[in-house]
Amino acid sequence: MTKTKLQKSLRDSVVTRWAMLLLVGFVLAANYYFYDALSPLKSTLTKEFGFTSTDFGTFVSVYSIPNVFFLMAVLGGIILDKLGIRRTGFLFVAFMAFGALVTAYGASDIYINDGFGYAFMSSFLPGYSPELKMMLLGRFLFGLGAETSIVVISKIIVKWFKGKELAFAFGVKLAFARTGSFLAFNLSPVLIESQSGWTLAIWFAAFLVLAALLVFLIYMLFDLKLDKQVKQEGLLASTDEFHISDITKLLTNRSFIYVTLLCLTFYSAVFPFLSFSSDFFLNKFNLSIKESGFISSMLPIGTMIFTPLFGFFVDKYGKAASLMIYGSIILVVVHLTFAFTNLSPYVLMVILGLAFSLVPASMWPSVAKMVDEKRIGSAYGLMFSVQNLGLWAFPILAGVVLDSTNPTAAETLDYTYTMIMFAGLGIIGLVFALLLKREDKVSGYGLELPSNSK
Ligand SMILES: N[C@@H](Cc1c[nH]cn1)C(=O)NCC(=O)O
C-alpha cells in the first residue's frame with residue numbers, strides 16, 4: 001500500500017522532477033547573472049562614478065563578506081536543516097532579490113538626485129562615493145542570500161533526484177549557472193546602450209533576481225505537495241542534522257583539507273579573474289565592451305558543454321584526482337600565456353574552459369567519497385565559506401595591484417602583474433591537487449576509481 005503510494009509521488013514522474021530542476025535552475029541562473037552582470041561595466045562605472053580598479057574589486061568582493069566573516073554558508077546549512085527547504089529558500093532568495101534591487105538603486109538617477117539614503121551615505125567615509133557605498137550594501141545583501149541559496153538548491157536536487165539521475169542533475173545544475181554568466185557577459189554590454197540609460201543593465205539583472213523569487217514561490221507549491229505525499233522533509237531533517245563534531249571531523253580529514261584548499265585557490269584564480277576579464281581584454285587587445293564581454297562569455301559557454309562530459313567520464317572511469325591536476329596545470333599555463341603573450345584570447349578562454357570544467361566536475365563528486373553522506377551539507381557549506389575567503393580577498397588585491405602598477409590617469413591598464421598573481425594562485429592549487437592524489441593512496445577514498453566502485 002505504502003509502496004504504491006511512494007511510486008506515485010511527484011518525484012517519480014520524470015517530467016515533474018526535471019520541471020523542478022528547470023524552476024530552481026532559473027533561480028540559479030539569475031543568481032549567476034547578477035553576480036557577473038556588472039563585470040563588463042567596469043569602464044562604464046569608472047566613467048560615470050569615477051570608480052578606481054580598487055573600488056571595482058571591493059564591489060566584487062563584498063559579496064563574500066557575509067560568507068567569510070559570518071560563516072553564512074555554514075550557518076545557512078544549519079538553518080536549512082532546522083527550517084526546511086521552503087522557508088530557508090524563500091528567506092535567502094528574498095535577501096538575494098532585495099540586495100540586487102538595492103545595488104541597482106545605488107546606481108540610479110533617483111538615488112543620485114538626493115534620493116532616500118543619499119545624504120546618509122554622503123555623511124561618512126568621504127573617500128568612498130555615496131554611489132559606491134549604496135552599491136556595496138546591495139551586493140553585501142545579495143551575497144548573503146546567494147551562497148546559501150546555492151546550498152538550498154543542492155539540497156532540492158538531492159531531494160528530487162536521489163536514487164535517480166543525481167550526478168547528471170548536478171551537471172545540468174552547473175550548466176544553468178554557467179548560462180546565467182554567459183548571458184550576463186553578452187547582454188549587459190547591449191543594455192548599457194539603451195535609450196533609457198546605461199543603468200538598465202543593472203535594473204534588468206535586479207528584476208531577473210526578483211523574477212527568480214517568484215519562480216521559487218512556484219517551486220514551493222510543488223515542494224509542499226511532495227512533502228504531503230511522502231513526508232520526505234522529516235526524513236531528510238533527521239539524516240542531515242548538524243553537530244559541531246561534524247566540523248571537527250572534517251577538519252582532521254587530510255583529503256578534505258587538501259580539496260578545500262584547492263577549492264579556495266582554484267576558484268580564486270577563476271572567478272575574480274572572470275570579474276576583471278572583460279576589462280582585461282578591452283585594455284590589452286583594444287576591443288569594444290561588447291567584444292570583450294563576448295570573449296569572457298566563452299569561458300561559461302565552454303563549461304556548459306565540457307562539465308557534464310567530464311562528470312560522465314569521472315562516473316564511468318574515475319581519475320578524479322588526476323583530472324584535478326590536469327585542470328590546475330591548464331589554469332597556470334593559460335594565465336601565464338595571458339600575462340606574457342598576445343595569443344588570441346578566444347582560443348585561451350576555450351582552453352581555460354577545459355580547466356574550469358575538469359576541476360569542478362571532479363572536485364564536487366570527490367567530496368562525497370571522502371565525507372559521510374550525513375556530513376555532506378556541512379562539508380559543502382564549509383568549503384563555500386573557505387572559498388569565499390578567496391572570492392573576497394582576490395578581487396580587492398587584483399584592483400590594488402592594477403592601481404599600483406599603472407600610472408594614475410593611464411589610458412590603458414597593464415594587467416601583467418595581476419595575471420602573474422592569478423597564475424601564482426594556480427601554482428599553489430596545483431600543489432594541493434598533487435597532495436590530494438598522494439593522500440588518496442594512503443586514505444583509500446578511491447578518488448581515481450569510477451563512481452560506482454566506492
Ligand atoms: N560559491 C559559488 C561562487 C559563485 C560564483 N558566481 C556565483 N556564485 C561557486 O563556487 N559555485 C561553484 C561553481 O562551480 O560555480
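In listed order, ligands and their atoms are each counted from 1.
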Student: With a heavy-atom distance limit of 4.0 Å, tell me whether Arg178 approaches ligand 1 through its side chain, its backbone, both, or neither.
Tutor: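 It is the side chain that touches ligand 1; the backbone stays farther off.
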
Student: Taking only residues at least two apart or on different chains, which pairs with a member in residues 257-268 satisfy side-chain hydrogen bond (donor to acceptor under 3.5 Å, both in side chains)?
Tutor: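 Pairs touching residues 257-268 that pass the test: Tyr267-Trp364.
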
Student: Among all the protein's non-hydrogen atoms, which is closest to atom 10 (O) of ligand 1, and how far away is it?
Tutor: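 Ranking protein heavy atoms by distance from atom 10 (O) of ligand 1, first comes Gln387 NE2, 2.5 Å.
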
Student: Which pairs count as side-chain hydrogen bond (donor to acceptor under 3.5 Å, both in side chains) when at least one residue sits in residues 66-79, sequence neighbours excluded?
Tutor: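 Only Asn67-Asn388 qualify under side-chain hydrogen bond (donor to acceptor under 3.5 Å, both in side chains).
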
Student: May I ask you to check whether Phe95 and Phe98 place their ring centres under 6.0 Å from each other?
Tutor: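 No, they do not, as the ring centres are separated by 6.0 Å or more.
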
Student: Tell me the protein heavy atom at minimum distance from atom 3 (C) of ligand 1, and give that distance in Å.
Tutor: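 Ranked first by proximity to atom 3 (C) of ligand 1 is Glu147 OE2, 3.4 Å.
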
Student: Out of Tyr63, Phe271, Trp364, indicate the one that has the non-hydrogen atom closest to atom 8 (N) of ligand 1.
Tutor: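 Nearest option to atom 8 (N) of ligand 1, by heavy atoms: Tyr63.
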
Student: Heavy-atom distances under 4.0 Å decide this one: backbone, side chain, both or neither, for Leu174 against ligand 1?
Tutor: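 Side chain only.
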
Student: Do any nitrogen or oxygen atoms of Tyr35 come within less than 3.5 Å of a nitrogen or oxygen of ligand 1?
Tutor: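 No - when backbone and side-chain N and O of Tyr35 are compared with those of ligand 1, no distance drops under 3.5 Å.
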
Student: Among Trp392, Phe276, Phe394, Phe356, find the one that has a ring pair (Phe, Tyr, Trp, His ring centres under 6.0 Å) with Phe271.
Tutor: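 With Phe271 as partner, Trp392, Phe276, Phe394, Phe356 yield a single ring pair (Phe, Tyr, Trp, His ring centres under 6.0 Å), made by Phe356.
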
Student: Tyr32 versus ligand 1: do any nitrogen or oxygen atoms come within less than 3.5 Å of each other?
Tutor: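 Yes; at least one N/O pair falls below 3.5 Å.
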
Student: Any idea how Phe51 and Phe59 line up, ring-wise: parallel (<30°), tilted (30 to 60°), or perpendicular (>60°)?
Tutor: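 Rings of Phe51 and Phe59: tilted, as their planes differ by 30° to 60°.
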
Student: What do you reckon, are the aromatic ring centroids of Tyr415 and Phe338 less than 6.0 Å apart?
Tutor: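 When the ring centroids of Tyr415 and Phe338 are compared, they turn out to be at least 6.0 Å apart.
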
